[in-house]
Amino acid sequence: MRTYYLRSFGCQMNAHDAERICALLEGRGLERVGAPDGADVLVYNTCTVRKSADDRLAGHLGTAARLKREDPGRIVLVTGCLPQAEQHDFFRRFPFVDGAVGPQNLHHLGDLLDAAVEPADAAVKSADSAGNKASALPAVRGYFEDGAAMSGELAARRERPFQSWVQIMSGCTNFCSYCIVPYVRGPERSRRLADLLAEVHRLVGEGVREVTLLGQNVNAYGLDLTSRAAAGEPPSPSADGPPFPALLRALDAVEGLERVRFMTSHPKDLSDELVAAIAESPRVCEHVHLPAQAGSDRILAAMRRGYTADWFLGRVRALREAVPEVSITTDLIAGFPGESEEEFAQTLALVEAAAFDAAYTFVYSPRLGTAAADLPGQLPAEVKRERVERLIAATQRLALKSHRAWVGRRAEVLVEGASRDGSLLRGRSRQNVTVNLSGPAEAGAIVEVEVTAATSTTLRGTVATATSRR
Ligand code: SAH
Ligand code: SF4
Ligand code: F3S
C-alpha cells in the first residue's frame with residue numbers, strides 16, 4: 001500500500017474532514033495521487049444534502065467498483081454523510097466498498113483501513129463477493145454511532161500553510177424541515193473556548209494568518225455547553241456574555257492573526273451582540289453568510305426556520321448599518337412543497353430588499369426521513385427549475401452590481417496562489433470575493449489591490465501596495 005486517491009464533496013465541514021483524512025492516511029505513509037486508477041486506497045468523502053449530490057457520487061462510485069473488480073486488492077472506503085444516511089442499506093447497495101464511517105466516526109477510519117489490509121480479511125471479502133454468506137465478513141465494516149467524539153480534535157493537513165479551518169462545533173439541532181444534516185451530523189456540540197483559543201494560538205505559531213470558524217450554525221456556538229454543564233458535565237471556562245460574540249472578540253485579540261471568518265450564521269440567532277462584535281473586531285472580516293432560504297412567512301414557518309421575512313431584513317439592516325462594507329451572502333431554495341407563485345415572488349422580493357452580495361440557489365430536493373419530504377404539494381421539476389432560474393438571474397444581477405461598486409477602489413486581498421489559468425495570482429478580499437490580480441506578490445501575502453474590473457463572481461485588479469501586517 002503506497003498511494004491513495006481522495007475525492008471530497010459537499011460543504012466546508014466536509015472539506016475540513018477531507019484534510020483530516022489526508023492527515024490520517026499520510027500518517028500511515030500513504031502518498032496522495034490525483035487519479036483513482038493507480039491508487040491503492042480510494043476514499044470518497046460524500047455529501048447527501050440534495051439528490052444531485054447523490055447522483056454526482058454515483059458516477060464516481062461506479063468507477064471505484066470497476067477498479068475494485070480489476071484489482072480486488074485495492075481498498076475502497078467511503079466517509080461522510082451518504083453512508084451515515086443509508087447505513088442500513090449502504091453495503092447492500094455498494095457491496096464492493098470495504099469500509100465506511102459516518103461524519104461522527106472519522107476517528108475509526110484507521111481501524112477500517114487496518115481491517116481491510118489484513119490478508120485474512122481480504123480473503124474473506126473476496127469469498128463474500130463470490131457469494132458466501134455475510135456472516136463471514138469482518139465484524140465491523142461501518143461505524144455510524146452517534147457519539148460525543150468530535151472530529152474537530154483530529155489532526156488535519158492544511159491545504160495552504162497560511163489559512164486554516166477551525167471547527168468550533170459539530171452537528172445541528174435545528175431540524176429545518178427540508179434538511180438531512182441534523183440526521184447525519186448529530187446534535188449541536190461545541191468545543192471548549194479554551195481549546196479553541198489554544199488551537200488558534202498554535203496555528204498562528206505555525207504561520208496561519210486567516211482562520212475560518214466552522215459550524216452548521218456558528219451563532220449557537222457554546223449554548224449547548226451551558227446546558228451540558230447543567231446536566232452534570234464539566235462546565236466550559238467560557239468568557240462573559242454570549243459565547244459566539246465572546247469567541248470572536250477573544251480571537252480578535254490574538255497577536256499575529258490577520259483575519260477571522262466564520263460560517264454559517266443562522267438568522268434566528270444573529271444577535272445585536274454578535275453584530276457589535278463583528279463591527280468592533282478589526283480582524284473579523286466583513287462577510288456574513290446568512291441563509292434566507294425563502295421570503296414568504298408561510299414557507300419560512302413550514303421550513304421551521306424560526307424567523308419571518310421582516311426579521312431577516314431587520315438583521316440585514318442592522319449588519320449593513322453597523323459594519324460598513326459588509327458583504328451578505330445567502331442560500332435560497334426554490335420550489336419548497338406547496339410554494340405558490342405568489343409565495344415564490346416573495347422570495348424574489350426579499351432578494352431585492354436584502355440586495356445580497358452573492359447567493360447559492362437550490363432546487364428543493366426531498367430527502368428521505370425529513371419532514372418536508374412527506375408534505376403535500378410537491379412541485380414538478382419544471383416548476384422548480386423555472387423558479388430557480390429566476391432566482392439565479394436576480395442574484396447574479398445583484399452580485400454584479402455589488403462587485404462593480406469596487407471598481408476604482410482598493411480591496412485588501414490575501415493572496416492564495418495562482419489564478420485558475422495560471423496567468424495571474426488569485427486571492428480573496430475581506431468580503432470573501434475571489435480577486436484575480438497581477439503584480440508582485442506571493443502566496444500568503446496580504447496586499448492592497450486596485451480593482452479594475454468585476455464580474456458577478458470575481459474582481460480583477462493590480463497590486464497597489466503590500467500591506468502585509470496591520
Ligand atoms: N447549516 C447551514 C447549511 C446547511 S446545507 C445553514 O443552515 O445555513 C446548505 C444549504 O443547502 C442550505 O442552506 C439550504 O439552502 C440547502 N439545502 C439543504 N437541504 C436542502 C434540500 N433538501 N433541498 C434543497 N436545498 C437544500
Ligand atoms: Fe440544515 Fe437548518 Fe441545520 Fe442548516 S440550520 S444544517 S439548514 S437543519
Ligand atoms: Fe453535505 Fe453533509 Fe455537508 S450532507 S452539505 S457534506 S453536512
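FYI, the numbering just counts along the sequence from 1.
Distance check: F244 CZ to S265 OG gives 6.0 Å after rounding to the nearest 0.5 Å. In this structure, SG in C179 is found 11.0 Å from CZ in R185, a value given to the nearest 0.5 Å. Note that CG of L57 and CZ of F94 are 6.5 Å apart. Values are rounded to the nearest 0.5 Å. Distance check: L154 CG to H16 NE2 gives 9.0 Å after rounding to the nearest 0.5 Å. Atom CG in D54 sits 3.5 Å away from atom OG1 in T48 (nearest 0.5 Å). Atom SG of C22 sits about 11.0 Å away from atom CG of D17, to the nearest 0.5 Å.
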What do the steps show when you test R157 against E19 for salt bridge (Lys or Arg N to Asp or Glu O under 4.0 Å), and what is the final call?
-> CA-CA 5 Å; R157 194 179 123 313; E19 297 185 329; over 6 Å; no
Test log, rule salt bridge (Lys or Arg N to Asp or Glu O under 4.0 Å), inputs R192 and E199 = CA-CA 11 Å; R192 302 273 162 76; E199 181 168 322; over 6 Å; no
From CA spacing to verdict: side-chain contact (heavy atoms from CB on, under 4.5 Å), Q293, Y178 | CA-CA 11 Å; Q293 313 298 3; Y178 50 82; 3.2 Å; yes
Passes salt bridge (Lys or Arg N to Asp or Glu O under 4.0 Å), D272 versus R315? Steps please.
-> CA-CA 9 Å; D272 289 338; R315 297 290 75 199; 2.9 Å; yes
Mind running side-chain contact (heavy atoms from CB on, under 4.5 Å) on Q87 and E145 for me, showing each step along the way?
-> CA-CA 10 Å; Q87 50 187 284; E145 59 272 26; over 6 Å; no
Please assess N105 against H107 for the test side-chain contact (heavy atoms from CB on, under 4.5 Å), listing each intermediate value before the final yes or no.
-> CA-CA 5 Å; N105 290 270; H107 52 288; 4.3 Å; yes
For K401 and R404, run side-chain contact (heavy atoms from CB on, under 4.5 Å): C-alpha distance rounded to whole Å, both residues' side-chain angles, the deciding distance at 0.1 Å, then the answer.
-> CA-CA 5 Å; K401 186 173 171 208; R404 276 199 180 138; 5.8 Å; no
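In this view, Y364 and F336 satisfy the ring pair (Phe, Tyr, Trp, His ring centres under 6.0 Å) rule, not counting sequence neighbours.
At least one donor-acceptor pair under 3.5 Å links the side chain of Y221 to the backbone N or O of R191. Of the possible polar contacts, one joining the S296 side chain to the I299 backbone as a donor-acceptor pair under 3.5 Å is found. With R426 contributing its side chain and R420 its backbone, the two residues share no donor-acceptor pair below 3.5 Å. With hydrogens and angles disregarded, a donor-acceptor distance shorter than 3.5 Å links the side chain of Q378 to the backbone of A372. The main-chain N or O of C285 is never found under 3.5 Å from a side-chain atom of R261 such that the two would form a donor-acceptor pair. Put simply, the side chain of T361 never gets that close to the backbone of V388: no donor and acceptor are under 3.5 Å apart. Side-chain atoms of N174 never come within 3.5 Å of backbone atoms of C176 as a donor-acceptor pair (strictly under, hydrogens ignored). The closest donor-acceptor contact from the side chain of S177 to the backbone of A302 lies under 3.5 Å. In terms of modelled atom types and a separation under 3.5 Å, the side chain of E86 and the main chain of P83 share no donor-acceptor contact. A distance-only check finds a donor-acceptor pair linking the side chain of T46 to the backbone of L82 [under 3.5 Å].
Looking at L274 and L248, their side chains come closer than 4.5 Å, going by heavy atoms from C-beta outward. Side-chain contact check for S271 versus N219: every heavy-atom pair is 4.5 Å or farther apart. Between Q216 and C11, the closest side-chain pair of non-hydrogen atoms falls below 4.5 Å. Annotation: side chain of Q12 is not in contact with side chain of T212 (no heavy-atom distance under 4.5 Å). Using a 4.5 Å heavy-atom cutoff, the side chains of L437 and V447 are in contact. Within the 4.5 Å cutoff, the side chain of V211 has heavy atoms near those of the L257 side chain. In this structure, the side chains of D331 and T264 stay at 4.5 Å or more apart for every pair of heavy atoms. For the pair E382/R385, no side-chain contact is recorded, criterion being any heavy-atom separation below 4.5 Å from C-beta on.
Applying the side-chain hydrogen bond (donor to acceptor under 3.5 Å, both in side chains) test between E210 and each of Q163, R283, R430 identifies Q163 as the sole match.
Taking each heavy atom of Q84 and V184 in turn, the nearest pair found is CG-O, 3.4 Å. When all heavy atoms of C47 and A53 are compared, the pair lying nearest together is O-CB, 3.5 Å. Pairing each heavy atom of L6 with each of R32, the nearest pair is O-NH2, 3.2 Å. Taking each heavy atom of A418 and G422 in turn, the nearest pair found is CB-CA, 4.4 Å. When every heavy atom of P103 is checked against every heavy atom of G80, the shortest pair comes out as CD-O, 3.2 Å. The minimum heavy-atom distance between V275 and V323, with the atom names listed, is O-CG2, 4.3 Å.
Checked for salt-bridge contact, D252 and R249 miss the test: no charged N lies under 4.0 Å from a carboxylate O. A salt bridge links E341 with R387: the distance from a Lys NZ or Arg NE/NH1/NH2 to an Asp or Glu carboxylate oxygen falls below 4.0 Å.
Between F90 and F144, the distance separating the two ring centers is not shorter than 6.0 angstrom.
Looking at T308 and D310, their side chains never bring a donor and an acceptor atom within 3.5 Å of each other. Inspection of the N436 and T434 side chains reveals no N or O donor paired with an N or O acceptor under 3.5 Å. Side-chain contact of T329 with H287: a donor-acceptor pair under 3.5 Å is present, judged by distance alone. In the model, D269 has a side-chain atom that pairs as donor or acceptor with a side-chain atom of N217 under 3.5 Å. Looking only at atom types and distance, the side chain of D224 has a donor-acceptor partner in the side chain of S190 under 3.5 Å away.
Between H60 and F9, the ring planes lie perpendicular to each other; the angle is over 60°, past the 30° to 60° tilted range. The aromatic rings of H266 and Y307 stand perpendicular to each other, their planes meeting at an angle above 60°, with 30° marking the opposite boundary.
The side-chain tip of R50 points at the ring of F362 from less than 6.0 angstrom away and within 45° of straight on.
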